[in-house]
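Notes follow the structure.
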Number of protein chains: 6
Amino acid sequence: MNTEFTHFDAAGNAQMVDVSAKQDTHRVARASGCIVIQPEIWKMIAEGSAAKGDVLAVAQLAGIMAAKKCSDLIPLCHPLALSKVSVTFEMDELLSCVRALATVETVGKTGVEMEALTAVNVALLTIYDMCKAVDKSMMMTDIRLDEKTGGRNDWTR
Amino acid sequence: MNTEFTHFDAAGNAQMVDVSAKQDTHRVARASGCIVIQPEIWKMIAEGSAAKGDVLAVAQLAGIMAAKKCSDLIPLCHPLALSKVSVTFEMDELLSCVRALATVETVGKTGVEMEALTAVNVALLTIYDMCKAVDKSMMMTDIRLDEKTGGRNDWTR
Amino acid sequence: MNTEFTHFDAAGNAQMVDVSAKQDTHRVARASGCIVIQPEIWKMIAEGSAAKGDVLAVAQLAGIMAAKKCSDLIPLCHPLALSKVSVTFEMDELLSCVRALATVETVGKTGVEMEALTAVNVALLTIYDMCKAVDKSMMMTDIRLDEKTGGRNDWTR
Amino acid sequence: MNTEFTHFDAAGNAQMVDVSAKQDTHRVARASGCIVIQPEIWKMIAEGSAAKGDVLAVAQLAGIMAAKKCSDLIPLCHPLALSKVSVTFEMDELLSCVRALATVETVGKTGVEMEALTAVNVALLTIYDMCKAVDKSMMMTDIRLDEKTGGRNDWTR
Amino acid sequence: MNTEFTHFDAAGNAQMVDVSAKQDTHRVARASGCIVIQPEIWKMIAEGSAAKGDVLAVAQLAGIMAAKKCSDLIPLCHPLALSKVSVTFEMDELLSCVRALATVETVGKTGVEMEALTAVNVALLTIYDMCKAVDKSMMMTDIRLDEKTGGRNDWTR
Amino acid sequence: MNTEFTHFDAAGNAQMVDVSAKQDTHRVARASGCIVIQPEIWKMIAEGSAAKGDVLAVAQLAGIMAAKKCSDLIPLCHPLALSKVSVTFEMDELLSCVRALATVETVGKTGVEMEALTAVNVALLTIYDMCKAVDKSMMMTDIRLDEKTGGRNDWTR
């Protein structure tokens, strides 16, 4: 295992690491995460998606737009020209949660893990925002990278 | 329990809800959340905080700055002049996790729950970013509102 | 009629005009505008709003979010804490157009005309973006302020 | 004619479409649009451009800067490294309007139609902002794409 | 003299300091700074301001717009609703420099020193940008606060 | 010496110059600048860097993040995918100043001088912000480009 933080130089200074010499390759990252919601509210969301008052449609757009702001939010993250962003949702009635799944792609010098994770986080935050008037106890959980490909080392959970 | 989503009008249109008639009151929100990290990396973070290569100092600033961007990220969130933002961390060795805690205050017409949650999420994402070269399996979890005061109804978890 | 541009000082320098001494009042602005679309595509939009693939839901959010970015886009526009933003649409089959209508409110020192107009413009641009693969000839037209109240002088078209 | 909205997947989810496999080509888009102004104010603008108090110089910069913010405003628009942006104006005394014309170029995977249209819209909004103290009845009209080249299909109005 | 950094808590954590209890007062800050330029280029700028190709008009707008972004740039700076921003220039032929002067006002809980300084810095950077093709040796200097009023303690250089 | 401002066309219109035909090359820029501080405060900063309350760690991150916002701040600056940003500091006790040094790299069509200068300016502004409660008389000075390589002409001070 690599045992150094790449975002610090030898003197401990935070830096945006040098990727100038890296190749432009086609990179993909997938991430996901859940928000646990009271069953009564969970049903309102599930019904809304099929009718008027669509919480998930708002969260979907918020997640997609947030992926584009990732390098503005994460201090040492490189700006990248994203070539694809998608956010979808799975409704898990048993666990009374909504799972957000994001896929981000680029042709560039660094991976897009942070963009996929940011899309998931902001999608979940948006669900929280839209439901908080009826349920403040919601909890976001299991937010994680699921897969990345296209860099030096592929990785899958 | 309120059983309507306030962010939609009667026809199902998403909207930023009208708070024009609300009073400016002193509002506070506190939120928290965890990132679970491999023990070896957890130790690197714990040591870094006392020496050179300080992951948490970067995450702290990222969280504070993200609170200020909240209304830009969450589509139906009102822009607010924040009067305080703080982000701190607790190192939990037993659970091998870092807990981020955010407190946000304003004197305004709406609460700052979303700002506090956004600060937590972006602080955790920044920890992920800085450690991902050595551990991609980290998981963000237990992200939640802990308390809000100053609005019509106070709320504590 | 006032016959001076208030955004320039006596020497012709552009400036953000001084509103320090103005009262905080409840201000409302309404604006609207159209995008003319080929009838075949107009029908796709009309149908989409009732089913899957909802162009107007995306444009609605884009318009609301753009109102919050107005002072970032318009160089001499004052930043304001908006207290309400809504964007709705009217489908005009006769003219084969979609009309976007925005209402913006604040309790502040300056009016929100620019915020309402920005919401309309970006909502229409988003409709253009989503339909441009099937119709590049769309035209945006009739974008205008409809009403403003709450300042020194109310105004209605 | 293509009869599907490319910004939705088969299930109706909004997405930023995948352009990963597209070539980087030199792409150009030109757009234009008008703002109709009372003759007395039209003259003030025309004179200002030759002297002190230059409304169009402000609008020109606002349009150029807005082109760079396009992917932040239009939810499903790809971020792009623009290689040229220009905004110019034509004064049409007969129609008592100002016409804004924008040209945007990139070497990239998607076209820059939205960037050119955004530059036009924000340039016109800025003219509105600077003249609204003397004329609130101005109307923006005829905003449209004029030409695009460099993609799979060139297009000219 | 106060001998503590207010932006850190007792444990050394960076924070946006709590101003919740402060009064909204009318606050003004003035700042200035210079850019030293080769005499030949200095003349081009001086002439441009009276004719076509106006470097200072661009720098003026850039400075005004930057004041509005201050809390986005300076990590621990409070967001504020600015009520006035102006940027002007003095041409000093003897020193072959351009001096930028900014005045910023607000009615709020914290001062606007950083907004005024940011306006000056970005105005000077913009002059550098527009002249760098002909002179890379320019130097920015003497950037400083000149006066602040409206807080607990007024201050003048 | 080139004797035209490239950011204006023949008619004096400001424009983002056309770099479409330029090659993507590896470009590096280095800039630096100082802030002069009272000796007592200078010591507090020097000690803070080794202990709790680290002014320079905050300024370092602010500078790095500002480099990514450069094209948003400087009106005619091209957006670029930066491949490296670093900001470091030198403590000069004799002159009682802190010197910020920034290095920015990209593989792209235009140089990154403005990004490096913006990083320096915002790092210095952040030091000012964090120390202004104890010393308002600080002055920023000697902000300049030190070197650029990778374009048509290399340049070193």
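Lettering follows sequence order; numbering is per chain, from 1. Computed from a prediction, not measured in an experiment: that's the story for all the values here.
Using a 4.5 Å heavy-atom cutoff, the side chains of Leu145(C) and Lys132(D) are not in contact. The closest side-chain heavy-atom distance from Tyr128(C) to Thr118(D) is not below 4.5 Å.
At a 4.5 Å heavy-atom cutoff, the contact between Lys69(C) and chain D is made by side-chain atoms alone. Heavy atoms of Met138(D) lying under 4.5 Å from chain C belong exclusively to its backbone. Heavy atoms of Ala62(C) lying under 4.5 Å from chain D belong to its backbone as well as its side chain. Both the backbone and the side chain of Asp72(C) come within less than 4.5 Å of a heavy atom of chain D.
The greatest number of non-hydrogen atom pairs below 4.5 Å with chain D, out of Asp129(C), Thr126(C), Ile74(C), Leu73(C), is found for Asp129(C). For the options Asp9(C), Leu117(C), Val122(C), heavy-atom pairs under 4.5 Å to chain D are most numerous at Leu117(C). Chosen from Thr141(C), Ile143(C), Leu124(C), the residue pairing most often with chain D at heavy-atom distances under 4.5 Å is Ile143(C).
Paired with Lys136(C) under the rule side-chain contact (heavy atoms from CB on, under 4.5 Å), one option of Glu113(D), Arg144(D), Arg157(D), Glu147(D) passes, and it is Glu113(D).
By the neighbour-count criterion of 12 heavy atoms within 6.0 Å, atom NZ of Lys22(D) is densely surrounded, having more than that number from other residues, nucleotides or ligands.
Annotation for Phe5(C) and Met130(D): closest pair CD2-O, 3.5 Å, computed over non-hydrogen atoms. Closest heavy-atom contact between Met114(D) and Leu125(C): CE-O, 3.1 Å.
Put simply, CG on Asn13(D) and CG on Asp54(C) are 12.0 Å apart, with the number rounded to the nearest 0.5 Å.
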